[in-house]
Amino acid sequence: MIKKNNIWLALEIGNSRLHWALFFGAKLDSTWNTDYLPESVIQQLAQCQTLNDLPPEILPPIHKQANQEKYTSPSSPCPLPPAPCPLPLAIASVVPSQTALWQTYPNVRVITLEQIPLKGLYPTLGIDRALALWGAGKTWGFPMLVIDAGTALTFTAADADECLVGGAILPGLGLQFTSLGQKTGQLPLIETQAIASLPPRFALNTTEAIQSGVIYTILAGIKDFIENWWQLFPMGKIAIKGGDRTILLNYLQALYPAIASRLTVEPNLIFWGIEKIVRIP
Ligand SMILES: Nc1ncnc2c1ncn2[C@@H]1O[C@H](COP(=O)(O)OP(=O)(O)O)[C@@H](O)[C@H]1O
Ligand SMILES: CC(C)(COP(=O)(O)O)[C@@H](O)C(=O)NCCC(=O)O
Ligand SMILES: [K+]
């Protein structure tokens with residue numbers, strides 16, 4: 001379905017939003033995020049003849065303008081190969097209702113666990129966790145631990161034989177703030193993006209008390225899992241992805257610089273994993 005130099009799209013469906021990647025063959029050209037989209041946009045996508053036709057809900061105009069010369073003029077320095085119509089779309093989803101919606105697209109390949117060469121996978125493992133681990137491990141080597149600071153914060157590891165060691169799942173930074181804001185009578189909803197610097201651990205106001213409770217325990221948990229990982233695999237590598245990766249890495253650098261300096265930050269691990277699976281040898 002995806003030929004060597006073909007243009008194709010990869011879509012990672014998470015519990016907060018959609019993550020998109022545009023590939024030219026094996027080359028990752030660009031990535032962006034959108035909210036969940038209605039079926040009408042999926043149908044528009046199925047009709048588009050060129051990248052310029054991509055519905056604005058999928059490829060925001062500012063993104064298109066930034067890449068204008070690539071997507072339209074045939075005389076551009078690297079004229080694009082013709083975009084097949086409908087564009088091939090590879091999907092990795094952890095939201096069944098979204099998977100069902102996107103399966104209506106006429107040229108779709110849904111990535112499932114069986115397609116991933118990792119050994120020892122259990123049947124309910126999140127496809128996002130397996131793909132990120134495969135993408136990271138095949139890029140930098142195994143043993144590999146992937147930390148995904150997404151809606152949920154996950155740890156997922158494989159040993160030197162590319163066999164699943166296992167992992168853990170907990171509410172992500174945003175989810176922890178949301179749950180306190182929504183499930184209590186008096187606590188305000190804290191926005192993750194609004195926290196510039198580390199709060200005091202022993203806070204003297206409600207907002208900083210919430211920030212302290214969530215941030216210091218998440219960081220302590222990350223430190224604990226990483227130290228345990230290095231006891232198991234002293235040469236084990238660690239990669240971090242997800243919407244909260246930057247904010248958490250900044251905090252880790254402030255609190256645990258020796259650990260932070262050994263983490264590889266890479267938001268596109270899942271797209272790398274998808275590309276390795278769909279590539280035509
Ligand atoms: N523009 C944004 N929209 C949603 N979440 C965001 C955004 N920017 C950062 N985040 C943070 O990223 C987290 C979601 O992680 P992400 O990896 O993007 O989502 P998903 O779990 O859907 O893959 C949220 O909990 C939030 O704290
Ligand atoms: C844990 C997750 C919800 C994380 O998804 P995300 O935060 O990226 O939306 C997802 O990996 C999932 O649905 N996992 C299934 C259960 C498991 O991995 O064991
Ligand atoms: K869920």
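First listed ligand is number 1; within each ligand, the first listed atom is number 1.
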Do me a favour and list the nearest non-hydrogen protein atom to [atom] with residue, atom name and distance?
atom	result
atom 13 (C) of ligand 1	D244 OD2, 3.6 Å
atom 15 (O) of ligand 1	G150 CA, 3.3 Å
atom 16 (P) of ligand 1	G243 N, 3.5 Å
atom 5 (N) of ligand 1	R17 NE, 3.9 Å
atom 22 (O) of ligand 1	S16 N, 2.7 Å

Give the atoms of ligand 2, by number and element, whose distance to some non-hydrogen atom of [X] is under 4.0 Å.
X	answer
Y122	17 (C), 18 (O), 19 (O)
G14	9 (O)
R129	11 (O), 17 (C), 18 (O), 19 (O)

Where P171 and I218 come nearest, the two heavy atoms and their spacing
O-CD1, 4.2 Å

Determine the minimum heavy-atom distance between V278 and W8, stating which atoms define it.
CG2-CH2, 3.5 Å

Just go through D244, T124, V94 and tell me whose heavy atom is the nearest to atom 17 (C) of ligand 2.
T124

Which one holds for [X] and ligand 2: side chain close, backbone close, both close, or neither close, with close meaning a heavy atom under 4.0 Å?
X	value
N15	both
T154	side chain
D128	side chain

Atom indices of ligand 1 within 4.0 angstrom of [X] heavy atoms, with elements:
X	value
T151	14 (C), 15 (O), 19 (O), 20 (P), 21 (O), 22 (O)
G242	17 (O)
G174	25 (O), 27 (O)
G14	20 (P), 22 (O), 23 (O)

Only residue of K241, R17, R129 satisfying salt bridge (Lys or Arg N to Asp or Glu O under 4.0 Å) with E12 is K241

[X] versus ligand 2: do any nitrogen or oxygen atoms come within less than 3.5 Å of each other?
X	result
G126	yes
G150	no
D148	no

Is Y122 atom OH crowded by more than 12 heavy atoms from other residues, nucleotides or ligands, each under 6.0 Å away?
yes

State the CD-CZ distance between E191 and F177, to the nearest 0.5 angstrom.
10.0 Å

From CD1 (I58) to CD1 (I42), nearest 0.5 Å:
8.0 Å

Cut-off 3.5 Å, side chains only: do T112 and Q115 have a donor facing an acceptor?
yes

Do we see a donor-acceptor contact under 3.5 Å between the side chains of W20 and T34?
yes

Is T192 touching ligand 1 with its side chain, its backbone, both, or neither, if touching means heavy atoms under 4.0 Å apart?
side chain

Proximity of H19 to ligand 1 by residue part, where a heavy atom lies under 4.0 Å
side chain

State which residues pass side chain to side chain donor-acceptor pair (under 3.5 Å) with K138; sequence neighbours excluded, sorted by chain then number.
E162

List the steps and the verdict of side chain to side chain contact (heavy atoms under 4.5 Å, CB included) for L170 and F155.
CA-CA 9 Å; L170 63 140; F155 300 91; 3.7 Å; yes

Please confirm whether Q193 approaches ligand 1 to less than 4.0 Å, judged on its heavy atoms.
yes

Would you call L173 a ligand 1 contact, heavy-atom distance under 4.0 Å?
no

Please check if the side chain of Y251 supplies one atom and the backbone of Y256 the other of a donor-acceptor pair under 3.5 Å.
no

Are any side-chain N or O atoms of S212 and backbone N or O atoms of R201, one a donor and one an acceptor, separated by less than 3.5 Å?
yes

Report the residues that fulfil salt bridge (charged side-chain N to carboxylate O under 4.0 Å, His left out) with D128, sequence neighbours left out, ordered by chain and then residue number.
none

I would like to know whether F233 and W229 meet ring-ring contact (aromatic ring centres under 6.0 Å, His included); could you show each step before the answer?
CA-CA 6 Å; F233 298 93; W229 168 244; 4.8 Å; yes

